[in-house]
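Notes for the one structure printed next.
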Amino acid sequence: MANIDTKKEFLKLRQEYIVNRFSHHLNPEQVEAVVTTEGPLLILAGAGSGKTTVVVNRIMNLLEFGNAYSSEWLRRDPTEEDCDLLRNAVKSGTRYPQEIRDLMYAGFIRPWNILAITFTNKAAGELKERIRNGVEATLEGVDPNEVFASTFHSMCVRFLRRDADLLGYPKSFTIYDDDDSQRVMKEIYKTFDIDDKLLPVRTCLGRISRLKDKLIDDKSYADQIDNDRDRTMARLYREYQTRLRKAGAMDFDDLIFNTVKLLEDNKEVREHYHDRFRYIMVDEYQDTSVAQFRLCQLLTNDNKNICVVGDDDQSIYRFRGATIENILSFEDHFPGAKVVRLERNYRSTGAILDAANAVIAHNKGRKGKNLWTDKPSEPPLTVYCAMDEQDEAHFVVGQILKHKQEGVPLKNNAVLYRMRAQSNALENHLRRAAIPYKIVGGTRFYDRAEIKDIISYMELVANRDDDLRLKRIINKPSRKIGDTTINAIQDIAQGLGVSMFEVCMNAGDYPMLSRAAKSIKGFCDVYENLAEYEDDIYELVEHIISDTGYRQMLEADGEEGTARLQNVEELLSNVRNYIDETEEPTLNGFLEDVALISDIDSYDPNEDACVLMTFHSAKGLEFDYVYMVGMEESIFPSEQSKYTAEDIEEERRLAYVGITRAKKELVMTRTESRLLFGSTRRNSASRFLGEIPQELVTDKTPERKRNSYQDQIEKLRQNSRNQYNRRQRPQKSYFTGSTLNDIKPKYQKSDEKYAPGDTVEHKVFGRGKILDSVPMGGDTLLTIDFEKVGIKKAMANYAPLTKL
DNA sequence: ACTAGCCACTTTTTT
DNA sequence: AGTGGCTAGT
């Protein structure tokens, strides 16, 4: 009896010791998250709340103290003396007694029992780095590299390299990127004779991708359709899968999908990972898809030690298949889940946080939280209304220059925009001011044609069934193997059901290829030579560059060729780095890294250049000075997101992400008119500006247009009052909520009400019937069935409508 | 096999 | 406005 009490007391003391240990450098909520190791845990981590610190410390806790609650791992029952020892350590705050550590030996969690999943390589890298630092400082005999920290995709690749054969794929399968997928799909369009104007290839691939995100395979999709348009879709989906499978290739979505299948269908595999991964952590949980959720579920063993970290307010990838529901319903998916909220922000000033809180408060679908800080509220945010995008860029550059003179490094400035097209004016002005800048995003190094060529050679060495890669390089450099020949090879291969490579190897056997047989033979010889170097990547790449004549081809191509050659050389040094940094460098390993790397991964925050990027790319980063440009309706929120409440909420989350990137100062600009895509437009102030309380903002727009500006704001404010009167608003608005009212008067019938069944006349689309009307943000979203153009959606106040 | 010229497109995109 | 992709012509 006494024994049980001692045990209880012992465990209690142990817990107390651990809490004390982490309380030194963490706030109470963070400690709570760190010491909650057993059972499902949701950490709602607001922007800048130190969530990576929490994740790292939680892992440290697991590694150092093991399972804090369970006594079944004890070597022997704890005694009164043990309790005294611990009690002493708690009181005096001394080191964890070695005797106690020894007692718990069997309960230690080994590093490989911990799985930490992130979304980007960068995040995974940072996590590994910080775990390494922490472990080296405090823990002996633990190899921090054995913690499995990786992205969803690399993890899946690892799993699939082990067991892909169970799914009928070669273990050396190839990973297709978007570009590869597009090529495949384009070919399918050709064979099926489908017009890509009817269904653009991108759209089609996007839909397939969404289906895979939802774990709907080609067969079950085909079973659930009921119209011709979808039937085409289903055919394309099926054919796409068939071709990839035949090429031994998986696209990004397949990596997740197939891993789910692997775990679902194979009990032994599942048990293998259940046994290994006893503690699972998932970062950026708000951006997981259905498939990724399922994957987490399958990986979680009966102990349900799954900890997810995320911020529902920062979910910005719905358009890519992320479902915010995963985080909103975590407690339903994992009953008994504990929730910890991290709302204390260590990043931004009070003003910035107040603005962020005020904006995001307008969203309905959220868990609700309020960031706070004890930092001062100064200085206020700056807003500026430029005349046009040139003036806007000029203003931003001026601010950056001002900071530069004050001694602020350029790298502390970040300009954020909604779309890439906005970067142009900024770039020009930065160049003119001789300010070094760096654009994050855009073309990846590995997306450059010459790099993809070399990689394709490598891929082909790794997997000779890959027709796509073969086609890419069989005539690069020119070997006199033209389209006609390539098509012939393809046809023969298709007829025989073998790979194109196979056909090439026996080119002499086919009369159709007689004329090109010699050239094809030449290619095969080159290939055979290269295949010798499969186990020495560096040699392989060197030989690809020289033996294929690729270098000569570039050298003959003047200035551009020289630049490309430099890229190729850089690839070579990347290979060197990979070999030096990797324990077991392999061809497939390198190709994986390449396939799964993104532009943001190579973003170097130490280079002293001002940074330009989209709001999306900015997630997870922070800067002293942030400029949010193009704060206009139709730009941010973007034009096509105006129509549904969900889209607007996602845009608002994006705005929230933008605002919370800033540490010291936030500048928001808009223009009166802007040249975009070849035409000049006038957009009114973004509703998000209107959602920021007046007292947080200083307007730096010069006198020249104060009047018109002020007029507009006054008008907007009146509208805003009418709209938000009932709904409790946090604070009075500086600008206004909806600015739609501002554009519409041309057409607006005073407070015209539309109800389903009404007939209307649209200035452009003609006559139609209202199917549905949903009130939304002071306006009404109408679904109208037009006689001529079919069903469309329109905002009642915005659309040129007349009630008949 | 290569190139000029025309057309259509243009939101975001961790992997 | 600028780009990328495709067709037609050499």
Side-chain angles (χ1 to χ4, degrees), chain A residues 117-125 150-157 175-178 181-183 186 190 196-197 200-202 205-206 209-210 212-213 250-257 283-284 286-289 291-292 314-322 389 416-425 428 440-444 446-447 449 475-486 592-603 613-621 630 634-642 647 650-651 653-655 657-658 674-680:
Chain A
I117 312 175
T118 63
F119 270 80
T120 63
N121 295 304
K122 192 165 169 261
S150 102
T151 65
F152 268 106
H153 294 265
S154 345
M155 175 185 79
C156 289
V157 172
I175 302 167
Y176 274 9
D177 64 17
D178 292 343
S181 303
Q182 254 183 59
R183 280 163 197 261
K186 269 185 195 150
K190 236 180 234 161
D196 77 333
K197 273 173 202 104
V201 172
R202 293 183 60 88
L205 284 169
S209 177
R210 292 300 78 73
K212 289 182 185 172
D213 284 336
M250 300 191 200
D251 64 20
F252 289 139
D253 304 304
D254 287 334
L255 295 177
I256 311 281
F257 189 108
D283 196 10
E284 306 281 13
Q286 75 282 356
D287 286 326
T288 48
S289 65
Q292 283 159 336
Q314 291 189 66
S315 161
I316 55 173
Y317 285 105
R318 198 172 70 106
F319 71 97
R320 281 189 80 206
E389 77 281 353
L416 309 183
Y417 38 76
R418 182 64 240 267
M419 35 181 180
R420 302 229 113 88
Q422 288 172 257
S423 72
N424 224 321
N428 291 336
V440 178
T443 4
R444 300 184 315 159
Y446 287 98
D447 282 340
N475 200 33
K476 225 170 262 179
S478 174
R479 298 188 179 89
K480 302 260 160 56
I481 304 173
D483 285 348
T484 332
T485 310
I486 294 176
E592 264 154 39
D593 279 12
V594 167
L596 301 178
I597 209 157
S598 83
D599 190 69
I600 191 101
D601 295 329
S602 50
Y603 160 64
M613 67 181 111
T614 63
F615 288 107
H616 284 89
S617 310
K619 199 171 95 174
L621 304 175
S634 296
I635 300 234
F636 193 25
S638 81
E639 190 127 48
Q640 33 275 91
S641 65
K642 274 192 182 166
D647 285 341
E650 175 133 325
E651 295 282 306
R653 290 193 290 269
L654 195 53
V657 167
R674 153 183 322 267
L675 182 65
L676 193 67
F677 303 138
S679 62
T680 305

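Within every chain, numbering begins at 1; the chains are lettered A, B, ... in the order of the sequence lines, protein sequences first and strands thereafter. Quick caveat: nothing in here was measured; it's all calculated off a predicted structure.
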Spacing of A/Q314 atom CD relative to B/dT14 atom P, expressed in whole Å: 17 Å
Rounded distance in Å - CG (A/N424) to P (C/dG2): 7 Å
Comparing A/S638 and A/D178 on DNA chain B - which has the more 5′ nearest nucleotide: A/S638
Closest listed nucleotide, where the reference is the side chain of A/M419 and the choices are B/dT12, B/dT10, B/dT14: B/dT12
Base of B/dT12 and ring of A/F319 stacked, centres under 5.5 Å, planes under 30°: yes
Any A/S617 side-chain N or O less than 4.0 Å from OP1/OP2 of B/dT13: yes
Touch class at under 4.0 angstrom, heavy-atom based, for A/D287 against every strand present: base
Contact under 4.0 Å: A/R420 side-chain N or O vs B/dT13 OP1/OP2: yes
NZ/NE/NH1/NH2 to OD/OE distance under 4.0 Å, A/R318 and A/D287: no
Per A/T614 side chain, nearest of listed nucleotides C/dA1, B/dT12, B/dT14: B/dT12
Whole angstrom value for the distance that separates C1' of B/dT11 from NZ of A/K619: 17 Å
Euclidean distance for C1', C/dC6 against B/dT11 (whole angstrom): 25 Å
Euclidean distance, atom CG of residue A/L416 to atom P of B/dT13 [Å, nearest integer]: 12 Å
Sugar-phosphate only, base, or nothing, as touched by A/R202 at under 4.0 Å among non-hydrogen atoms: base
Distance in angstrom units between A/E284 CD and B/dT14 P, rounded: 13 Å
Sugar-phosphate only, base, or nothing, as touched by A/F615 at under 4.0 Å among non-hydrogen atoms: nothing
Whole angstrom value for the distance that separates P of B/dT12 from CD of A/Q422: 9 Å
Distance in angstrom units between A/K122 NZ and B/dT14 P, rounded: 13 Å
Rounded distance in Å - CD (A/Q182) to P (C/dG5): 8 Å
Derivation of the salt bridge (Lys or Arg N to Asp or Glu O under 4.0 Å) call for A/D213 and A/R320: CA-CA 9 Å; A/D213 284 336; A/R320 281 189 80 206; over 6 Å; no
Heavy-atom donor-acceptor pair, A/Q422 side chain to A/R418 backbone, under 3.5 Å: yes
Centroid separation A/H616 to A/Y417 less than 6.0 Å: no
A/S209 and A/D253: side chain donor to acceptor below 3.5 Å: yes
Listed nucleotide nearest any side-chain atom of A/N475, set B/dA1, B/dT11, B/dT14: B/dA1
Selected nucleotide, minimal atom distance to A/T120 side chain, candidates B/dT12, C/dA1, B/dT14: B/dT14
